[in-house]
Amino acid sequence: MELRALRYFVAVADELHFGRAAERLHIAQPAVSQQIARLERELGVRLFDRSPRRVRLTAAGERVLDAARATLAAADQVQLAAKQVMTTVRLGTAAGLTARLERGIDALRERAPDFAVVLVDLPVEARLNALRQGELDVALARGVRSAPGLTVLPAWTERLFAVVSRRHPAADRPAVGLAELAGDTLRVPAREHDPRLHDAVVLALHESASCPAAGRPAGTLQDTIVEVGSDPRSWTVLPADQVAEIRSTRVRAVPLDPAITIDGSVVVAAGHADNAAECVVSAFRDAPSTVEGVAGSRRPVA
């Protein structure tokens, strides 16, 4: 028994007219009549009473019609399932985003279970170039406001924290102002390690109208944490998600007051802000991070 014959049968049953059924199916009427006759022979029953003036279902035809509709619906579901291919999203990321990634990917899977996320860890400039070359579908980045050939979609905001030695006078404070840190040495990770984040942090401090003087640039983030932990008169400033990944017991993270924030974005190639990208943006907007305060307390961060 062919599904085609069942489709022809349902069309005739709906129209109760072979000519109209043929028009609906976009085929010649004799082909419809031949398929119905073949189906009747195969089933061993008459499905229609035919006369020059009318066509109507027989009792057997009424019974077969319900089963035919159910069979065709099931066949359509099989075809739909076969077409639902898992969509792979190549997501560029970097260190210091683990907590947000975990929550963002969980939210993404709730919204779009058919997305398979492949994480690619690259420095920020390599991340952006990979987008331009089609090697990534989307990328996460802090401090990127615009980039040639790319579309920047703002997705989240992180609060900045002052990170100080546990021997620093502000180490146990609930918050600290930049003016209170003015006499100490600000150590910022060297620009070459993450120029976008470096520039965004420096700009955020300048825009606060009380920018402290910076000391010698530090090396990597890990080097910066070690140096700050060894010097009670130095400090650095980091976004909340990076603070969440500090494991040193020699430093403390203290919120800046008034609050200073930095923006995070989902970046895609220009003209590729499709459903997948919008879904990633929505997921990361709905995925607040939680700062594991290195002073031993948990601080939720929007």
Side-chain angles (χ1 to χ4, degrees), residues 1-91 101-120 131 134-138 151 153 266 268-287:
M1 184 184 304
E2 295 183 1
L3 290 175
R4 178 177 58 176
L6 294 181
R7 294 191 191 280
Y8 289 7
F9 165 62
V10 170
V12 176
D14 287 343
E15 301 292 342
L16 293 178
H17 192 283
F18 279 79
R20 289 196 296 270
E23 290 178 4
R24 170 173 151 182
L25 295 166
H26 304 290
I27 59 174
Q29 180 174 334
V32 177
S33 300
Q34 291 169 9
Q35 285 292 331
I36 298 300
R38 183 180 301 171
L39 182 60
E40 288 178 325
R41 289 195 300 272
E42 191 171 352
L43 295 175
V45 296
R46 290 184 63 193
L47 299 173
F48 296 101
D49 284 332
R50 306 168 180 82
S51 72
R53 294 186 175 181
R54 64 183 299 185
V55 174
R56 64 179 181 179
L57 285 164
T58 63
E62 295 280 3
R63 295 192 298 272
V64 171
L65 180 60
D66 290 339
R69 292 191 194 279
T71 300
L72 292 173
D76 289 342
Q77 288 299 312
V78 170
Q79 291 182 339
L80 182 62
K83 293 177 181 177
Q84 287 181 337
V85 179
M86 185 73 75
T87 301
T88 299
V89 178
R90 298 166 298 174
L91 176 61
L101 274 172
E102 291 174 345
R103 290 165 175 78
I105 290 174
D106 286 346
L108 179 60
R109 285 179 174 158
E110 289 180 6
R111 292 171 174 271
D114 57 332
F115 284 172
V117 180
V118 176
L119 299 181
V120 182
L131 281 174
E135 297 170 359
L136 290 177
D137 300 302
V138 293
T151 298
L153 305 169
V266 172
V268 299
H272 287 74
D274 57 10
N275 181 59
E278 290 296 343
C279 210
V280 174
V281 172
S282 296
F284 279 85
R285 278 179 181 153
D286 293 347

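Residue numbers run from 1 in the order of the sequence given.
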Out of curiosity, [X] [atom1] to [Y] [atom2], how far, rounded to the nearest 0.5 Å?
| X | Y | atom1 | atom2 | result |
| --- | --- | --- | --- | --- |
| Glu15 | Leu25 | CD | CG | 8.5 Å |
| Glu2 | Gln35 | CD | CD | 6.0 Å |
| Leu65 | Arg69 | CG | CZ | 4.5 Å |
| Arg41 | Ile36 | CZ | CD1 | 11.5 Å |

Expected output: side-chain Arg90 to main-chain Gly134 donor-acceptor under 3.5 Å: yes
So which atom in [X] and which in [Y] form the shortest heavy-atom distance, rounded to 0.1 Å?
| X | Y | value |
| --- | --- | --- |
| Arg46 | Thr58 | O-OG1, 2.6 Å |
| Ala269 | Leu131 | CB-O, 3.9 Å |
| Phe9 | Gly61 | CZ-O, 3.5 Å |
| Leu72 | Leu3 | CD2-O, 3.9 Å |
| Ala283 | Ala107 | O-CB, 3.7 Å |

Check against side chain to side chain contact (heavy atoms under 4.5 Å, CB included), Ile105 and Leu119: CA-CA 10 Å; Ile105 290 174; Leu119 299 181; 4.0 Å; yes
Side chain proximity check, Leu57 to Phe48, heavy atoms < 4.5 angstrom: yes
Pairwise side-chain contact, Tyr8 with Leu39, heavy-atom cut-off 4.5 Å (strictly under): no
Verdict with supporting geometry, Val138 and Leu153, side chain to side chain contact (heavy atoms under 4.5 Å, CB included): CA-CA 10 Å; Val138 293; Leu153 305 169; over 6 Å; no
Given Asp14, Val32, Val12, the one that forms side chain to side chain contact (heavy atoms under 4.5 Å, CB included) with Arg24: Asp14
Within 6.0 Å of CZ in Arg50, more than 12 heavy atoms from elsewhere: yes
